[in-house]
There are 2 protein chains.
Amino acid sequence: MTKIKAAKNSSKKDVIINKAAALFRTKGFIATSMRDLADAVGVEAPSLYNHIGSKGEILTVICFKVADSFNKQLEDTESENWNAAEKIENIIRFHITMMVNNFNEVFVANNEWKYLEDPFLQTFLNQRRAYEKRLITLIETGIKKNKFKVINPYVAVLTLLSAVRGLGFWQKNNKNINAKELEDDMVNHLISGLIK
Amino acid sequence: MTKIKAAKNSSKKDVIINKAAALFRTKGFIATSMRDLADAVGVEAPSLYNHIGSKGEILTVICFKVADSFNKQLEDTESENWNAAEKIENIIRFHITMMVNNFNEVFVANNEWKYLEDPFLQTFLNQRRAYEKRLITLIETGIKKNKFKVINPYVAVLTLLSAVRGLGFWQKNNKNINAKELEDDMVNHLISGLIK
DNA sequence: CCTACCGATCGGTAGG
DNA sequence: CCTACCGATCGGTAGG
C-alpha cells in the first residue's frame, strides 16, 4: 500500500518536474511562479505542495538528475579501452545527444543552477569542477601521447563544453538541419581542431 | 546649463548601469531588486528613478550597448581586405576581448536578453539573427574558395559563438592562465578545426 | 535625493 | 485536491 502510494506520488511528481523544466527554461527559475507551474500542471498552486516540498526542491531535482547522467556517462567512457581522442569524441557526442533529447532539463542545469540553495549549490559546483578536471586529464593524456596539439587543457575543455552548451540556441527554428548532421559537423570541427 | 545637467545625469546613469550589469550577471535580472541596485549605488530605491525610467530600461541599455559594439566591429571587419579565415579569426578575437574586458555587460546581453520587453526584444532578436547570418556568409565564402572544410555553415557559426560565449565560465578562479594564452589557444582550436 | 506608501504578486500554510 | 489567507517583497509613485 505504501508502495502504490509512493509510485503514484512519484508519477505526479515527475509530471510537475517536467512541466517545471519547460517553464524554467523559457521564463527562468525566478520568473516562473508556482501559480504558472500549477496552471501548466492543471491544479491550484497549493496542491503542488502535496508532491514537492518547495520550489527550490524542483530545481535541485532537475540539476542533479542532469549532473548524475553526465557523471555516469563519463565513468563509463573512462573505463572503455579507447584512446583519448575516441573518449573525448564519445563525451562530446553524449553532450550533444543530451542537449537534443533532454533539452529543457540540460538547459536549466546549465543556466539556472545559481539559484540552487546551499548545501546543494556547493555540491553541484564541486561535482562540476570534478567533472571538468577529469576531462582535463583526458586532454592531458592526449597531449602526452603526442596525439593532441600542445594547448592549455583547461581552455580546450572550456571550448568543448561551451560549444555543446551553445546548442541551447539551436532552437527548433532551424528545421533544415537534422540532429545527426549537427552532431557530426560539430564533432568534426571540435575534434580536428584538437588533434595534431 | 542643460548640457551640464545632461552630462551629470548621464554620468550618474552610467554608474547605475554599471552596478546593474554586475548585479544582473551574478544574481540575474529578475532576482535583482531595485533595492539591491540602490544599495550598490548608495541611494534609496526611489532615487534611482531620477536617472532611469524603469528597471527594464536598464536591461535595454545594456543589451543594445553590447549589440552595437558587435555590429560595429563586424562592419569594420567585413570592409577589410582580408580572406575569410582572417576575418573569422578577427571576429573571434574581438568576441573574446569583449568577454574579458566587458564581462558583466556581455554576460547579461547573452543570458538575460529574454527579459527585454517588446518592441526591444524583437529588435534584439532580429539584430542577432542578422549578425549570425553575416557570419554564415563569411563561412560560406571560405568554403566556396576551398579554404574551409565542407560543413554546415550554421553549425560552424554556432560552434564558434558558443565557444566564446562559454568564456563566461572562465571566472577569475583560474589565475594560472592569462587572457592572451586563453585567446590564442581557443582561436587556434576553433580556426584549425575549420580550415581544410 | 528622501520618507511614506501603494497595489500586485510572491512562496507557502492552515484546515478541511 | 481546494478555498482562504498570510507576511514579505516587488516595481514604482506622490510629494516635498
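Below, chains carry the letters A, B, ... as their sequence lines are ordered, and counting in each starts from 1. It should be emphasised that the depicted structure is a prediction, and the values quoted were computed from it without experimental measurement.
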For this session: Hunt down the Watson-Crick or G-U wobble partner of dG11(D), both distances under 3.5 Å, from any strand shown, or write none.
Result: dC6(C)

Exercise. How close or far is atom C1' of dC2(C) from atom CG of Asp39(B), stated in whole angstroms?
Worked result: 15 Å

Exercise. Could you walk me through whether Glu117(A) and Ser54(A) pass the side-chain contact (heavy atoms from CB on, under 4.5 Å) check?
Worked result: CA-CA 11 Å; Glu117(A) 287 155 23; Ser54(A) 67; 5.6 Å; no

Exercise. Rounding to a whole Å, what distance do you find between Ile30(B):CD1 and dG11(D):P?
Worked result: 9 Å

For this session: Establish, with yes or no, whether the OP1 or OP2 oxygen of dC1(D) is under 4.0 angstrom from a side-chain nitrogen or oxygen of Lys12(A).
Result: yes

Exercise. Ile16(A) has an atom CD1; how far is it from atom P of dG12(C), in whole Å?
Worked result: 13 Å

Seminar exercise, completed: The nucleotide from dG12(C), dC1(C), dG11(D) with an atom nearest the side chain of Tyr49(A) is dG12(C)

Exercise. What nucleotide among dC1(C), dC5(D), dG12(D) has an atom nearest to a side-chain atom of Lys55(B)?
Worked result: dG12(D)

Seminar exercise, completed: Picking from dC1(C), dG11(C), dT13(D), the nucleotide nearest the side-chain atoms of Met34(A) would be dG11(C)

Exercise. Which nucleotide in the list dC2(D), dG12(C), dC5(C) gets nearest to the side chain of Arg35(B)?
Worked result: dC5(C)

For this session: Give the minimum heavy-atom separation between Leu23(A) and Thr32(A), together with the two atoms involved.
Result: O-OG1, 3.4 Å

Problem set entry | Gap between atoms CG and P, on Asn50(B) and dG16(D) respectively (whole Å) | 16 Å

For this session: For Glu44(A) and dC2(D), give me the distance from atom CD to atom P, rounded to whole Å.
Result: 5 Å

For this session: Walk me through it: do Leu194(A) and Lys147(A) pass the test side-chain contact (heavy atoms from CB on, under 4.5 Å)?
Result: CA-CA 9 Å; Leu194(A) 196 59; Lys147(A) 298 289 185 190; over 6 Å; no

Seminar exercise, completed: His51(B) NE2 to dG12(D) P, in whole Å, measures 16 Å

Exercise. So does Ser33(B) get a side-chain nitrogen or oxygen closer than 4.0 Å to the phosphate oxygens (OP1/OP2) of dT9(D)?
Worked result: no

Exercise. In whole Å, what is the span from the CD1 atom of Ile52(B) to the P atom of dG11(D)?
Worked result: 10 Å

Exercise. Can you tell me how far C1' of dC10(C) sits from CG of Asp36(A), to the nearest Å?
Worked result: 11 Å

Exercise. Do we get Lys55(A) above Phe29(A)'s six-membered ring, with its NZ or CZ under 6.0 Å from the centre and within 45° of the axis?
Worked result: yes

Exercise. Is Lys144(B) paired with Glu140(B) through a side-chain N to carboxylate O contact shorter than 4.0 Å?
Worked result: no

